[in-house]
Structures are given as structure tokens and as C-alpha cells.
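Worksheet for the structure shown next.
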Amino acid sequence: MARQLSLPGAISDSGFGKTLAIKKFSRYAWVTVAIVGLIFLLAFSYQSVREKQGSFSVLLEHYALMAVTIYLLIFLVLLIIRYAVLILYSFMDHLESLYKQRNGPVNLYREDSALPMISLVVPAYNEGLVIQAAIRSLLLLDYPNFEIIVIDDGSTDDTYEKAIAVARERHNIPVRVVTKRNGGKAEALNTGMTVARGEFILNMDGDSKLSSNTLRACIRHFENPKIGAVAGNVKVINRENMWTRVQALEYVEGLAMARKAQSFMRAVNIIPGPLGMFRKSVLQQVGGYDHDTFAEDCDLTLKLLMRGWHIAYEPNAIAWVETPSGLLDLLKQRYRWTRGILQATAKHSHALWQPRKAGINCFILWYMLFEGIMWPFSTVLGNLFFIYVGIQYGLAILLFYWWLQLTVLDVVAASYCVVIEEEEPSLIFYAIMFRLFYINIIDISKVFATIEEWRGHTMTWGKLEREGKL
């Protein structure tokens with residue numbers, strides 16, 4: 001009697017395929033539920049507006065109220081255009097990637113033996129809690145020719161001892177640990193650039209964990225000689241409470257979608273600190289990182305763009321990072337980001353007024369000012385304005401409509417990102433919390449950061465206390 005052989009591998013692959021199919025169906029189902037719910041809510045709101053439209057005329061009876069109303073309407077139109085353009089361009093970039101995969105473009109690095117050497121530079125300051133896990137995760141990357149360089153930037157904890165302990169273990173991949181006096185992240189990255197042996201350099205944070213395909217995914221972009229750098233996809237790993245889950249949505253919707261859209265024009269405006277790959281020659285050409293801003297990654301990116309280099313985005317190269325799990329740490333982080341981006345923009349402000357000479361860089365800077373200044377100021381103004389109108393004229397319903405319009409944009413963008421990024425469907429519903437209170441708190445922090453940057457208040461580098469979630 002013949003006996004049928006069991007093929008565990010085939011069964012496993014089949015089960016894995018079914019799991020992926022179920023997850024894909026689940027994402028589409030939740031997206032459908034969210035969109036249908038929005039349609040019903042908008043229909044109800046539209047009917048309510050029609051019934052109350054006569055009472056809204058009070059907004060046109062006073063010049064000040066009319067001026068603020070017109071301004072907020074213009075801002076809302078710009079915001080709708082912003083979301084529409086980002087979704088359109090990111091989808092076009094997605095289609096372009098699918099086309100390249102299907103048609104099998106000429107690959108200069110087809111064979112492993114032809115793959116160039118990549119130096120991974122890991123700046124570390126008091127990262128003793130996570131540094132060993134970070135290094136060991138890098139040793140598992142799927143790439144045959146790379147080295148790991150850990151730059152201990154004068155840590156006061158056991159970062160150096162823990163890093164050197166891993167370096168002394170037997171590995172096929174060379175691991176070097178360089179220690180220096182504390183000089184800041186920019187100086188640490190420049191030190192890594194100096195000692196790197198690779199033709200390409202991947203800069204990351206000491207608390208990041210990279211997906212195994214990161215190096216192969218990024219290196220293919222450099223087949224285009226105009227590409228000077230590649231930005232990676234940053235995702236939140238510690239999705240353990242409301243704050244970190246909302247940040248997970250923010251990273252997917254606010255950062256990944258924008259970079260994907262910008263990548264279609266090869267003009268990503270910020271290469272994230274947790275994952276960016278560069279041609280070493282290009283880094284040397286622009287003088288590496290500067291020390292005069294609190295957003296050295298943004299400043300370097302603008303320097304590359306101003307020199308005419310193209311910057312691509314690779315969504316499949318993922319850096320998993322630990323984000324602030326408490327409100328105070330979160331506000332400190334966003335305060336520093338805001339001031340750093342404003343400092344970097346100010347350094348290159350000459351391009352704001354030279355559209356012919358600067359080209360797309362002029363648009364990039366204006367876009368950064370829109371997101372960094374106009375957006376947070378406008379949302380704070382809108383909330384205060386509609387609260388005042390609600391109290392003074394009994395039109396509290398306007399505050400709800402204002403919140404609803406912005407929430408609709410967030411839910412649509414979140415739904416799109418969940419499908420494209422193959423993310424957790426639950427993130428869609430965090431869009432409501434995101435708009436209800438999270439972004440209002442962040443925007444207030446940005447407003448204070450902008451005012452204090454304009455007034456020239458001094459500030460110091462802050463450091464997020466790690467919890468070892470990697």
C-alpha cells in the first residue's frame with residue numbers, strides 16, 4: 001500500500017499564504033467599514049449644516065470673524081490639496097516600484113560577488129541597555145559584504161564595554177568599536193564616515209533594529225548615478241499604550257506616506273536618523289554633518305538636495321525604533337524636532353526666494369514651512385476660534401464640524417496607508433484619537449518651539465530614556 005509523504009515545508013508555505021490572505025482581507029474589510037462610516041457621518045453632518053446654515057451668517061457680520069473664517073477656509077483647502085497630492089504621488093511611486101519589479105530592470109549588483117561594501121555606522125551615547133541587541137540584530141542582515149562600526153560618543157554608562165564584548169565574539173562580519181570624547185551625534189557620524197571602509201555608508205541610531213533585507217533593498221537604488229542617498233522606512237516597535245500606538249499611526253501616515261510621495265520626485269526632504277544610506281563620496285563632498293542645528297539629518301538632506309543630488313525612499317527597508325511612551329518625553333522630542341527643522345530651513349532660506357535657480361528645492365522649503373509653522377498655528381487658531389464662537393454665539397457645533405473635517409482627512413489617509421504599508425487595521429481608529437487630542441497637544445508644543453526659536457531661546461540636547469523594547 002503506497003504511503004503519501006508529508007511535506008512540512010509545503011504545508012507551512014500554504015498555511016503562511018492563507019495567513020497572509022486573511023490579513024489582507026481583514027485590512028480591506030476594516031478600511032471599507034471606516035470609509036462607509038465616514039460617508040454616513042458626512043451625510044448626516046451635511047444635513048445638519050443645511051438646517052443651521054442661517055445661524056452661521058454671524059461669522060460674516062464682523063470683519064475680524066470674517067477674516068479668521070476666510071483664513072481657516074484657505075488653510076483647509078490647502079490641507080485637502082496636500083493630502084490629495086501626497087496620496088496620489090505615493091500611489092504613483094508604489095505603482096512605479098511594482099512596474100520595476102515586474103519588468104526586471106537591469107541590475108548592476110545581480111551577483112553577490114558584485115555587491116559593494118557597506119559600512120554601518122552606529123552612533124551610541126549611553127545606549128548600554130540596547131546596544132548589544134542592536135549590534136546582534138545587524139549581524140543577521142542578509143548581505144554578504146558589510147562592516148559594523150560603533151561610535152561610542154563619550155558614554156557615561158557601560159555602552160563601550162557592552163559593545164566591545166560583542167565585537168570580540170567570533171563573527172563573519174567585522175565589528176569595530178571606536179570611542180571618543182562626547183561631541184554630539186553629528187560629530188560621531190562624521191567620525192564613522194572617516195573610518196568607514198565601505199563605498200556606501202548606512203547611518204542609523206543606536207536603538208534601531210533593521211529589517212533583514214535593508215541593505216539589499218537600499219543598495220539597488222544606487223544603480224541610478226543621480227541618487228546620492230536613500231531614506232528608510234521608520235516604524236514604531238513599542239506599540240504598548242495609547243501614546244505609542246498613536247505615534248505608530250503618525251509614523252505611517254505623517255512620515256512614510258510623505259516620503260513615498262516625495263520619492264516619486266526623488267526629493268525626500270528628510271532622511272531619517274534611524275535609517276539612511278549614502279554614497280560615501282557624496283557625504284565627503286558636502287562636508288558630512290554640521291553641528292549648528294538640532295536636526296542634523298534634515299540639514300544634511302537639504303545640503304544634498306541643494307547640490308543637485310536625488311534622494312529616494314525605500315519602504316521595504318524598515319528601522320524599528322522605540323518611541324517615547326510618556327507625554328513629557330514625547331513633547332521634549334517634538335520640541336527639539338521642530339526647532340531643529342526650523343534651524344535647518346533657515347540655513348538654506350536663500351532657496352525660498354529663488355524658484356528658478358533652486359527649482360524643486362524652493363517648493364520643498366515652502367512645504368516644510370507650511371508643515372512646521374502654518375499647520376500647527378492654524379489648527380491651534382481654529383480650535384480657539386471655534387471655542388470662542390461657540391461660547392459667544394452659541395455655535396459650538398462649528399467646533400465639531402472643524403474637528404470632523406480634519407478627522408476625515410486623517411481617516412482617509414490612515415486607511416490608504418494601512419493598505420499600502422500592510423499595517424495593522426486598528427491604526428485606522430487611532431486616527432480619531434490622533435485628531436481629538438494628540439495632535440492638538442503636539443501642535444501647541446510646536447507653536448511654543450517656533451516662538452522660542454524666533455526669540456532665540458537657548459536649548460540643549462535631550463535624550464530619550466530607553467526601556468529596552470528592541
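Applying the side-chain contact (heavy atoms from CB on, under 4.5 Å) rule to E422 yields the partners R27; only residues at least two apart in sequence or on another chain are considered. Not a single ring-ring contact (aromatic ring centres under 6.0 Å, His included) links Y143 to another residue, sequence neighbours left out. R245 pairs by the salt bridge (charged side-chain N to carboxylate O under 4.0 Å, His left out) definition with E424, not counting sequence neighbours.
Rounded to the nearest 0.5 Å, atoms OG (S263) and NE2 (H221) are 6.5 Å apart. Rounding to the nearest 0.5 Å places CG of L255 at 10.5 Å from CD of Q247. To the nearest 0.5 angstrom, T301 atom OG1 is 8.5 Å from M368 atom CE. The distance from atom NZ of K347 to atom CG of D292, rounded to the nearest 0.5 Å, is 3.5 Å. Put simply, CG on L302 and SG on C298 are 4.5 Å apart, with the number rounded to the nearest 0.5 Å. One finds the CG atom of L88 at 8.0 Å from the CZ atom of F264 (value rounded to the nearest 0.5 Å).
The shortest side-chain heavy-atom distance between I118 and M277 falls under the 4.5 Å cut-off. Between N383 and D443 there is no side-chain heavy-atom pair separated by less than 4.5 Å. In this structure the side chain of L398 never reaches within 4.5 angstrom of the side chain of F385, judged on heavy atoms. Contact annotation: the side chain of I451 approaches that of F377 to within less than 4.5 Å [non-hydrogen atoms, C-beta and beyond]. Counting heavy atoms from C-beta on, the side chains of D205 and K185 come closer than 4.5 Å. Residues N269 and I364 are in side-chain contact: their nearest non-hydrogen atoms beyond the backbone lie under 4.5 Å apart. Inter-residue side-chain proximity for L283 and I201 is flagged as met; some heavy-atom pair is nearer than 4.5 Å. Two residues are said to be in side-chain contact when any heavy atoms from C-beta on lie closer than 4.5 Å; L138 and V122 meet this criterion.
Using modelled atom types, one finds no donor on one side chain facing an acceptor on the other under 3.5 Å when comparing Y313 with D93. Under 3.5 Å, the side chains of T323 and Y251 contain no donor-acceptor pair of N or O atoms. A donor and an acceptor atom, one from each side chain of N233 and E421, are located under 3.5 Å apart. Counting only N and O atoms by type, the side chains of H348 and D299 include a donor and acceptor under 3.5 Å apart. T244 and N238 share no donor-acceptor pair across their side chains, judged by distance under 3.5 Å alone.
Residues E423 and R239 are paired through a salt bridge, judged by an N-O separation under 4.0 Å between the basic side chain and the carboxylate. Here E314 pairs with R220 in a salt bridge; the nearest charged N to carboxylate O distance falls below 4.0 Å. Classification of E322 and K235 as a salt-bridged pair fails, no side-chain N sitting under 4.0 Å from a carboxylate O.
Residue Y89 places its OH atom among 12 or fewer non-hydrogen atoms of other residues, nucleotides or ligands, all under 6.0 Å distant. Few gaps surround CZ on F75; more than 12 heavy atoms of other groups in view lie less than 6.0 Å from it. More than 12 non-hydrogen atoms from other residues, nucleotides or ligands lie less than 6.0 angstrom from OH of Y367.
When each of L210, V230, V121 is tested with L202 by the rule side-chain contact (heavy atoms from CB on, under 4.5 Å), just one qualifies, namely L210.
Residues C362 and A358 come closest through the heavy atom pair N-CB, 3.9 Å. The minimum heavy-atom distance between T450 and G372, with the atom names listed, is OG1-O, 3.9 Å.
Using a 30° and 60° split on the angle between ring planes, W375 and F370 fall in the tilted class, from 30° to 60°. Taking the six-membered ring where the residue is Trp, Y438 and W243 present tilted rings, their angle falling between 30° and 60°. Using cut-offs of 30° and 60° on the angle between ring planes, the pair Y289 and F278 is perpendicular.
W366 contributes a side-chain N or O that, together with a main-chain N or O of L352, makes up a donor-acceptor pair within less than 3.5 Å.
Taking the six-membered ring for Trp and the full ring otherwise, Y430 and F434 have centroids separated by 6.0 Å or more. Aromatic pair F200/F222: ring centres closer than 6.0 Å.
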Legend entry - Test log, rule salt bridge (charged side-chain N to carboxylate O under 4.0 Å, His left out), inputs R334 and E250: CA-CA 12 Å; R334 300 314 166 86; E250 184 183 23; 2.7 Å; yes
